[in-house]
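All chains are named by letter (A, B, ...) in the order of the sequence lines, taking the proteins before the strands, and each is independently numbered beginning at 1. Atoms considered below: every heavy atom in the structure, side chains included; atoms not considered: hydrogens, waters and symmetry mates.
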Protein chains: 2
Amino acid sequence: MEFNEAKAQFIQTWGKLGSEWGINRTMAQVHAILLISPTPLCTEDIMEQLSISRGNTNMNVRDLINWSLVHKELIPGDRKEYFVAEKDIWEVARRIIAERKKRELEPVTKVLQQLKNVEGDKDSKEIKEFTSMMNQLDSFVGKMDKSVSVLINEKENKLFSILFKLMK
Amino acid sequence: MEFNEAKAQFIQTWGKLGSEWGINRTMAQVHAILLISPTPLCTEDIMEQLSISRGNTNMNVRDLINWSLVHKELIPGDRKEYFVAEKDIWEVARRIIAERKKRELEPVTKVLQQLKNVEGDKDSKEIKEFTSMMNQLDSFVGKMDKSVSVLINEKENKLFSILFKLMK
DNA sequence: ATAAACTTTCAATAAATCCTGAAAGTTTAA
DNA sequence: TTAAACTTTCAGGATTTATTGAAAGTTTAT
């Protein structure tokens, strides 16, 4: 396969994967071109490569920065901002997991805590089933949360080491 | 908190979580009401509880069945179909992971395999960077894929046992 | 202080996704 | 075989989400 075709297909694939996981397709595509770029890129480079507007580019790059997947880089003698992606895929995975934990797991935990303590007739079939499910979910989410914390906080690459054990 | 309020909030929360992970909000809400229902529900029950149309209900229940999260149940003497959700949360997690692996990880693996072998000038900075990233990604996705396979195929609850080790 | 270079915002618009409801299809009972 | 009971489909409409582009905001060099 020729390089330009391969590149286009990677951008496509990465964008599709992102959108399947609830991430803006364009944000994932911007991430893709930064991942494979050997040099920092500026807003115009990204606009051009993806044929998107300045505003859209700005917004999605900012989001990538908020996810800690990209950082700004200043090139001496140039007023423009340039952007660089974290290139270690295990580190990328860790940061995505950390961010999703914070944004999605933690709020759910809070809600479940409350829902466990629903008031009402303790003999009602409905309330029994509800409470049982809330307890199960809270316990599950709590374990996930804790496991994920361990994974993302370990100094050595625990994620890798755990998964490696699974594969032997 | 009162039961009906708690129930409404659970349906809301589950729907939101689903949509953040790329799953149709309504499908997640249907899942929620089945998860907490002590009895099988029919299409009309679901339509009524969520105020959605018959067509929408049918489509989303079918999807839940395709994800192996819900199954049909026949009640003797009744012509209607009733639906029941898998209630073991670890089993629910296993099935979701299995399904996402099949739908999303496997297709990506195929593409990465091809993209690793891009042709062109081996000294080009761009091609070097691209190839390096494809190799990293392919290796990563391969390990994820393998780990996930182990998790979902183990007869005992390996998912639990692995996570449990993390938490000690 | 000024203006050029650059970045950010956001209201209007476009695109993608989801939902409805009626019609077509299927199954069951008699 | 018929018709009632039930399920499925899908074109059109509604809603949600993403994008544009121009104006406002900011920074830097002189």
Side-chain angles (χ1 to χ4, degrees), chain A residues 11-34 40-67 69-84 100 103-104, chain B residues 11-34 40-67 70-84 103-104:
Chain A
I11 292 170
Q12 270 299 107
T13 302
W14 205 241
K16 179 154 169 279
L17 189 64
S19 72
E20 286 165 342
W21 286 79
I23 285 161
N24 181 316
R25 181 201 261 61
T26 302
M27 171 169 150
Q29 288 179 333
V30 172
H31 191 215
I33 68 171
L34 287 170
L41 300 180
C42 68
T43 301
E44 301 241 331
D45 295 332
I46 296 168
M47 289 169 63
E48 198 177 305
Q49 288 202 43
L50 294 179
S51 304
I52 60 177
S53 73
R54 188 174 299 281
N56 197 9
T57 304
N58 183 268
M59 194 190 91
N60 285 113
V61 169
R62 182 149 85 284
D63 281 352
L64 284 166
I65 292 173
N66 289 337
W67 281 74
L69 298 175
V70 166
H71 63 270
K72 291 183 184 177
E73 187 158 312
L74 297 179
I75 292 187
D78 194 333
R79 281 181 55 182
K80 284 205 287 283
E81 293 179 331
Y82 285 78
F83 306 103
V84 177
R100 298 206 85 143
R103 295 186 188 201
E104 293 141 19
Chain B
I11 293 170
Q12 268 300 106
T13 302
W14 206 240
K16 180 155 168 278
L17 188 64
S19 73
E20 286 166 341
W21 286 77
I23 284 161
N24 181 315
R25 181 203 262 55
T26 302
M27 172 169 149
Q29 289 179 332
V30 172
H31 190 215
I33 69 171
L34 288 170
L41 300 180
C42 68
T43 300
E44 301 241 331
D45 295 332
I46 296 168
M47 288 169 63
E48 199 177 306
Q49 290 202 42
L50 294 179
S51 303
I52 60 176
S53 72
R54 188 174 299 282
N56 197 10
T57 304
N58 182 269
M59 195 188 90
N60 285 113
V61 169
R62 181 148 88 282
D63 280 353
L64 284 165
I65 293 172
N66 289 338
W67 280 74
V70 166
H71 64 269
K72 291 183 184 177
E73 187 157 315
L74 298 179
I75 293 188
D78 195 333
R79 281 182 54 181
K80 283 205 287 283
E81 293 179 331
Y82 285 79
F83 306 104
V84 177
R103 294 186 188 200
E104 293 141 18

Exercise for the section: Would you check if A/Trp67 and A/Met27 make a side-chain contact, meaning some heavy-atom pair closer than 4.5 Å? Expected result: yes

Exercise for the section: Take the protein atom CG of A/Asp78 and the nucleotide atom C1' of D/dA29, then report the distance between them rounded to whole Å. Expected result: 14 Å

Handout entry: B/Lys72: side chain to side chain donor-acceptor pair (under 3.5 Å) partners, not counting sequence neighbours
Key = B/Glu81

Practice task
Find out whether A/His31 and A/Ile23 are in side-chain contact, i.e. whether some heavy atom of one side chain is under 4.5 Å from a heavy atom of the other.
Solution key: no

Problem - Worked verdict on A/Thr43 versus A/Asn58 for side chain to side chain contact (heavy atoms under 4.5 Å, CB included) - result: CA-CA 7 Å; A/Thr43 301; A/Asn58 183 268; 5.6 Å; no

Practice task
Using atom CZ of B/Arg62 as one end and atom C1' of D/dC10 as the other, report the distance to the nearest whole Å.
Solution key: 11 Å

Handout entry: Point-to-point distance, once rounded to the nearest 0.5 Å, from CD of B/Glu73 to NZ of B/Lys80
Key = 14.5 Å

Practice task
Describe, as an angle rounded to 10 degrees, how the axis at the first end of the helix from C/dA1-D/dT30 to C/dA30-D/dT1 is tilted relative to the axis at the last end, five pairs per end.
Solution key: 20°

Practice task
Grab the NZ-C1' distance between A/Lys80 and D/dT28 for me, whole Å please.
Solution key: 14 Å

Fill in the blank from the handout: 5'-most to 3'-most nt of DNA chain C touching chain A (<4.0 Å, heavy-atom partner on protein side) reads C/dA4 to C/dT9

Exercise for the section: Identify, residue by residue, the members of residues 12-20 of chain B with a heavy atom below 4.0 Å from DNA chain C, and return them in order of residue number, or none. Expected result: none

Exercise for the section: List the steps and the verdict of side chain to side chain contact (heavy atoms under 4.5 Å, CB included) for B/Ile52 and B/Gln29. Expected result: CA-CA 11 Å; B/Ile52 60 176; B/Gln29 289 179 332; over 6 Å; no

Handout entry: B/Met47 side, atom CE; B/Leu41 side, atom CG - distance, nearest 0.5 Å
Key = 13.5 Å

Practice task
Give the rounded distance in Å between these two atoms: CZ of B/Arg79 and C1' of D/dA4.
Solution key: 7 Å

Handout entry: side chain to side chain donor-acceptor pair (under 3.5 Å) against B/Glu48, all qualifying residues, sequence neighbours excluded
Key = none

Practice task
Begin from the C-alpha positions of B/Val30 and B/Thr57 and carry the test side chain to side chain contact (heavy atoms under 4.5 Å, CB included) through to its verdict.
Solution key: CA-CA 8 Å; B/Val30 172; B/Thr57 304; 5.6 Å; no

Handout entry: Strand contacts (DNA chain C) in residues 42-52 of chain B, 4.0 angstrom heavy-atom criterion
Key = B/Ser51, B/Ile52

Exercise for the section: Respond yes when some side-chain nitrogen or oxygen of B/Arg25 is under 4.0 Å from OP1 or OP2 of D/dT16, and no when none is. Expected result: no

Practice task
Could you tell me the separation between the CG atom of B/Asn60 and the CD1 atom of B/Ile65, rounded to the nearest 0.5 Å?
Solution key: 11.0 Å

Practice task
Take B/Ile46 and B/Phe83 through the side chain to side chain contact (heavy atoms under 4.5 Å, CB included) test and state the conclusion after the steps.
Solution key: CA-CA 10 Å; B/Ile46 296 168; B/Phe83 306 104; 4.3 Å; yes

Exercise for the section: State, yes or no, whether a side-chain contact exists between B/Asn24 and B/Asp63 at a heavy-atom distance under 4.5 Å. Expected result: no

Handout entry: Parallel, tilted or perpendicular: rings of B/Trp21 and A/Trp21 (30°, 60°)
Key = perpendicular

Problem - Atom-to-atom span, CE of A/Met59 to P of D/dG21 - whole angstrom - result: 15 Å

